[in-house]
Peer 1: 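Sharing a structure here in structure tokens format.
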Number of protein chains: 2
Amino acid sequence: MSEMDFNELEGVTRPKTQRGEVTFQKLLEAAEAVFGEKGYYETSIVDIIQRAGVAQGTFYLYFKTKKDIFRQLVVHLHHEVRKTIQEAVQGVANRLAAETTGLRAYHNFLLEHRNLYRLVRELEFVDEDLFKWYYQSFANNYARRLSQAMEKGDIRKMDPEALAYSLIGLNVFIGMRWPLWENRPAPTIAVETIVDFITRGLGTETK
Amino acid sequence: MSEMDFNELEGVTRPKTQRGEVTFQKLLEAAEAVFGEKGYYETSIVDIIQRAGVAQGTFYLYFKTKKDIFRQLVVHLHHEVRKTIQEAVQGVANRLAAETTGLRAYHNFLLEHRNLYRLVRELEFVDEDLFKWYYQSFANNYARRLSQAMEKGDIRKMDPEALAYSLIGLNVFIGMRWPLWENRPAPTIAVETIVDFITRGLGTETK
DNA sequence: ATGCAATATGAATCACTTGTCATATTTATT
DNA sequence: AATAAATATGACAAGTGATTCATATTGCAT
């Protein structure tokens, strides 16, 4: 619980010159690519430094362990996903409509970052605390917006946290079924069903 | 796609005598425990054989690789989960009521097998095909029962597959939030919210 | 231009893990 | 009781990967 801050991860030494900064970024980009392709455990530090085109020792100038560079990547990715969805949903006044928009934005993000997304799912087995932080901060934010919608009367009053996890789980599995497994957006019939299901589930009345 | 059968896994040699059967089981139980505690990748074959109290070479009498014993465990677990839920739901005539019952049964199973459940989640990164098989056969079964309920008029006619994945995702995430993370059943208020959400989402009318 | 901190290198070390194999023991069958 | 198949052992070969370190180079500040 509480508000953990993972902005400055220990185990990561930021470079102090411009030249170092370039190397640092090269390492992160290489790690992102290789982790995405082969997964965390199947990737060796040698894989990363080869892809980045630097020597073994250079890696340890900036990262203490393989886990540390992984953490750095995940935190960055987390901000990306949230920003994307937030921007997509922003301006959509109605919460129910926002659900649909958010669903689509999330799926598009998945389709464009399928490799990256793999990292988040594997996070559970690499650093469980960071994994919890990832979904908790996601869920807290979600729950907050649901609460606001309840105040406005857009949706029924219910336990916002339970709803937040339910909706995240729903999105994650639908995102797995079509975008991840079939590399395409969910078919229309599926989207309609989901929207209908959520609308009735959250809404104040039926038509 | 198609009906894969994972009943006789290659890479697994079943014992031919009673004595062998005992060793075989010892290995499986040890693997279950150690995988559950440390995760697949952090576990070595030495960990398993030490826990089982057998020699190195014995392992290779029955399993070709670490992955093979892992597969064997997952397939077994899969049957367990389904059996548990099926038995709990059996006899509950109404589909909506069955959802609640199924949710509870699933959570109880999680609470009693938290380590085991970790294996399924890690499966995605160990053997993606088996992972898909796991959730697909789960979802197909779920969808079939939803279709039947639609025929009977218990629930509205919608895309059963989309619903199945939605409901599984919901259950998985709620199961993660309370049973797994806090080692207790979801609080009453949460359960009420979820049941209400699903009831309205699936149901034919509102009250 | 000098000197010091930062950066870069890659060979070497250390800690493990997997998988094999010659040998020994046990079990089932006759 | 004899025999062959099945089971069990643990030392060992071979490989892999993480991390360190002595050394070299570069860049920045003075």
Side-chain angles (χ1 to χ4, degrees), chain A residues 8-73 122 125-127, chain B residues 8-73 122 125-127:
Chain A
E8 287 181 23
L9 298 167
E10 59 176 334
V12 178
T13 309
R14 305 203 82 94
K16 283 159 186 135
T17 72
Q18 207 161 340
R19 185 183 171 217
E21 185 63 36
V22 171
T23 308
F24 188 82
Q25 289 302 331
K26 270 199 294 188
L27 280 168
L28 280 178
E29 277 162 33
E32 180 180 310
V34 189
F35 280 145
E37 279 167 24
K38 312 184 17 167
Y40 175 80
Y41 286 102
E42 308 275 5
T43 297
S44 70
I45 291 181
V46 173
D47 289 333
I48 299 173
I49 61 107
Q50 275 176 351
R51 182 92 158 218
V54 302
Q56 296 251 43
T58 306
F59 179 91
Y60 295 93
L61 242 38
Y62 304 109
F63 306 100
K64 229 169 144 187
T65 66
K66 187 170 74 157
K67 202 178 266 190
D68 289 313
I69 196 172
F70 186 79
R71 284 204 190 92
Q72 177 76 22
L73 274 174
E122 195 166 14
F125 307 99
V126 178
D127 183 337
Chain B
E8 286 180 24
L9 298 168
E10 59 178 332
V12 178
T13 308
R14 296 196 151 280
K16 284 162 186 132
T17 72
Q18 205 160 344
R19 186 183 171 219
E21 186 62 38
V22 170
T23 308
F24 188 82
Q25 288 302 330
K26 270 199 293 188
L27 279 168
L28 280 178
E29 276 163 33
E32 178 179 311
V34 189
F35 280 145
E37 277 168 25
K38 313 189 8 172
Y40 175 80
Y41 286 101
E42 309 273 4
T43 297
S44 70
I45 293 180
V46 172
D47 289 332
I48 299 173
I49 60 106
Q50 276 177 352
R51 181 90 157 222
V54 302
Q56 295 251 41
T58 307
F59 179 91
Y60 294 94
L61 243 39
Y62 305 108
F63 306 99
K64 228 168 144 189
T65 67
K66 189 171 71 157
K67 201 177 268 190
D68 289 314
I69 196 173
F70 186 80
R71 284 204 190 91
Q72 177 76 23
L73 274 175
E122 196 165 15
F125 306 98
V126 178
D127 184 337

Peer 1: If you look at every heavy atom in B/Lys38 and B/Asp47, which pair is closest and at what distance?
Peer 2: NZ-OD2, 3.1 Å
Peer 1: To check you understand the geometry: which heavy-atom pair defines the closest contact between B/Thr13 and B/Leu61, and what is its length?
Peer 2: CB-O, 3.7 Å
Peer 1: Just how far is it from atom OH of A/Tyr40 to atom CG of A/Asp127, taken to the nearest 0.5 Å?
Peer 2: 9.0 Å
Peer 1: Using a heavy-atom distance cut-off of less than 4.0 Å, which residues of residues 61-69 of chain B contact DNA chain D?
Peer 2: B/Leu61, B/Tyr62
Peer 1: Excluding sequence neighbours, so at least two apart, what forms side-chain hydrogen bond (donor to acceptor under 3.5 Å, both in side chains) with A/Lys67?
Peer 2: none
Peer 1: Send over the distance from A/Glu21 CD to D/dT26 C1', rounded to a whole Å.
Peer 2: 17 Å
Peer 1: How many whole angstroms separate atom OH of B/Tyr60 from atom C1' of D/dC12?
Peer 2: 13 Å
Peer 1: Should B/Thr58 be listed as having a side-chain N or O under 4.0 Å from OP1 or OP2 of D/dT9?
Peer 2: yes
Peer 1: Within the 4.5 Å heavy-atom criterion, are B/Phe35 and B/Ile69 side-chain neighbours or not?
Peer 2: yes
Peer 1: Rounded to the nearest 0.5 Å, what separates atom CZ in B/Arg14 from atom CD in B/Gln72?
Peer 2: 5.0 Å
Peer 1: Return all side-chain donor-acceptor pairs below 3.5 angstrom for residues 51-59 of chain A, not counting sequence neighbours, or 'none' if the list is empty.
Peer 2:
unit_1  : atom_1 : unit_2  : atom_2 : d
A/Arg51 : NH2    : A/Glu37 : OE2    : 3.1
A/Thr58 : OG1    : A/Ala55 : O      : 3.4

Peer 1: For nucleotides 22-30 of chain C, give me one character per nucleotide, 5' to 3': B if any protein heavy atom sits under 4.0 Å from the base, S if the only such contacts are to the sugar-phosphate, - if neither.
Peer 2: ----SS---
Peer 1: Between B/Lys66, B/Lys64, B/Arg71, which is the residue that forms a side chain to side chain donor-acceptor pair (under 3.5 Å) with B/Asp68?
Peer 2: B/Arg71
Peer 1: Do any side-chain atoms of residues 20-29 of chain A form donor-acceptor pairs under 3.5 angstrom with protein atoms, and if so which ones, sequence neighbours left out?
Peer 2:
unit_1  : atom_1 : unit_2  : atom_2 : d
A/Glu21 : OE2    : A/Gln25 : NE2    : 3.2
A/Thr23 : OG1    : A/Arg19 : O      : 3.3

Peer 1: Nearest 0.5 Å please: distance from the CZ atom of A/Phe125 over to the OH atom of B/Tyr41.
Peer 2: 10.5 Å
Peer 1: Please list, by residue number, the residues of residues 23-55 of chain A whose heavy atoms come closer than 4.0 Å to an atom of DNA chain C; answer none if no residue qualifies.
Peer 2: A/Thr23, A/Val54, A/Ala55
Peer 1: On DNA chain D, check which nucleotide each of B/Gly20 and B/Gln56 is closest to and give me the residue with the more 5' one.
Peer 2: B/Gly20
